[in-house]
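Structure record follows, encoded as structure tokens.
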Amino acid sequence: MSKRIRKPWDFIAYVPNQIKEGDNYAPQLVGLPFNILFGGIRNDVQTGQRLLVGVCYWPASETFHENGDRKEMCYFTKPRNKYFVRVIFEKNTGRWQTEKFKGKKLVQSAFGSTFNGAMLHTTMRAPEPDEHYAPPEKTVSAT
């Protein structure tokens, strides 16, 4: 059995901007991600071309919860799909954690001691095959 070797252009990761004061969000949301984007390269079934695809998750402020130890909030696609991402910030340690769910099933987890590290680890995995993709923005050369 052969092992697939990932080419450099197969790897995509994004670090989102953090919500800041003046972004028209409640003050308690400051520091959390503005959104979370998963990207990947897929073969178009009809044309065979390699396409850049993305799935973006947006904050749902009604899911925000905060106590003395942590802040957390969930992120959903528009329109919503079966997936959501929960972001957790631990105040005492400064540690960030993300959990991606399909319904009630945890399908991915990542963490980091910094916001950037946690978000890189979160988004470096391509969208799941049954997630809804945004329309392709461009074709990726296979060379």
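Only heavy atoms go into these numbers, but all of them, side chains included; no hydrogens, no water, no symmetry mates.
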Just how far is it from atom [atom1] of [X] to atom [atom2] of [Y], taken to the nearest 0.5 Å?
| X | Y | atom1 | atom2 | result |
| --- | --- | --- | --- | --- |
| Phe76 | Thr63 | CZ | OG1 | 6.0 Å |
| Asn24 | Leu29 | CG | CG | 12.0 Å |
| Thr122 | Gln97 | OG1 | CD | 9.0 Å |
| Tyr75 | Phe84 | OH | CZ | 13.5 Å |
| Ile12 | Leu37 | CD1 | CG | 9.0 Å |
| Trp96 | His121 | CH2 | NE2 | 16.0 Å |

When you measure from the side chain of [X] to the backbone N and O of [Y], does any donor-acceptor pair fall under 3.5 Å?
| X | Y | value |
| --- | --- | --- |
| Asp23 | Tyr25 | no |
| Glu72 | Ile88 | no |
| Lys78 | Cys56 | no |

Taking all atoms of both residues into account, what is the closest heavy-atom pair of [X] and [Y], and its distance?
| X | Y | result |
| --- | --- | --- |
| Ala60 | Arg80 | CB-NH2, 4.2 Å |
| His65 | Asn67 | NE2-ND2, 4.1 Å |
| Ile19 | Pro33 | CD1-O, 3.6 Å |
| Ala13 | Leu120 | CB-CD2, 3.7 Å |
| Ala110 | Ala118 | CB-O, 4.3 Å |
| Gly40 | Pro127 | N-CD, 3.8 Å |

| task | Let me see the working for Val15 and Thr123 under side chain to side chain contact (heavy atoms under 4.5 Å, CB included), right down to the final yes or no. | result | CA-CA 8 Å; Val15 175; Thr123 63; over 6 Å; no
| Are any non-hydrogen side-chain atoms of Val53 and Ile41 less than 4.5 angstrom apart? |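 No, side chains not in contact.
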| message | Less than 4.5 Å apart, side chain to side chain, heavy atoms only: is that true for Ser113 and Arg95? | response |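 Contact flag for Ser113/Arg95 side chains = no.
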| task | Sequence neighbours left out, what pairs pass salt bridge (charged side-chain N to carboxylate O under 4.0 Å, His left out) with at least one residue falling in residues 96-116? | result |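 For residues 96-116, and leaving out neighbouring residues, the salt bridge (charged side-chain N to carboxylate O under 4.0 Å, His left out) pairs sorted by first residue read Arg86-Glu99, Lys100-Glu131, Lys102-Asp130.
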| field | Pairs touching residues 25-41 that satisfy salt bridge (charged side-chain N to carboxylate O under 4.0 Å, His left out), sequence neighbours left out | value |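 Residue pairs passing salt bridge (charged side-chain N to carboxylate O under 4.0 Å, His left out), neighbours aside: none found.
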[X], [Y]: one ILVMFWY side-chain cluster at the under-4.5 Å cut-off?
| X | Y | value |
| --- | --- | --- |
| Val55 | Val107 | yes |
| Val85 | Phe101 | no |
| Phe111 | Phe89 | no |

Tell me if the [atom1] atom of [X] is crowded by more than 12 foreign heavy atoms within 6.0 Å.
| X | atom1 | value |
| --- | --- | --- |
| Glu62 | CD | yes |
| Lys91 | NZ | yes |
| Phe34 | CZ | no |

| said: According to salt bridge (Lys or Arg N to Asp or Glu O under 4.0 Å), who are the partners of Lys71, at least two apart in sequence or on a separate chain? | reply: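 Listed in chain order: nothing, the list is empty.
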| Relative to Phe38, does Arg125 satisfy both conditions: NZ or CZ under 6.0 angstrom from the six-membered ring centre, and within 45 degrees of the ring's axis? |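 The answer is no, since Arg125 fails at least one limit relative to Phe38.
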| field | Worked check of side chain to side chain contact (heavy atoms under 4.5 Å, CB included) between Tyr14 and Met119 | value | CA-CA 7 Å; Tyr14 299 95; Met119 294 303 130; over 6 Å; no
| Applying the side chain to side chain contact (heavy atoms under 4.5 Å, CB included) test to Tyr57, which of Asn35, Val87, Asn81 qualifies? |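 When side chain to side chain contact (heavy atoms under 4.5 Å, CB included) is applied between Tyr57 and each of Asn35, Val87, Asn81, only Asn81 qualifies.
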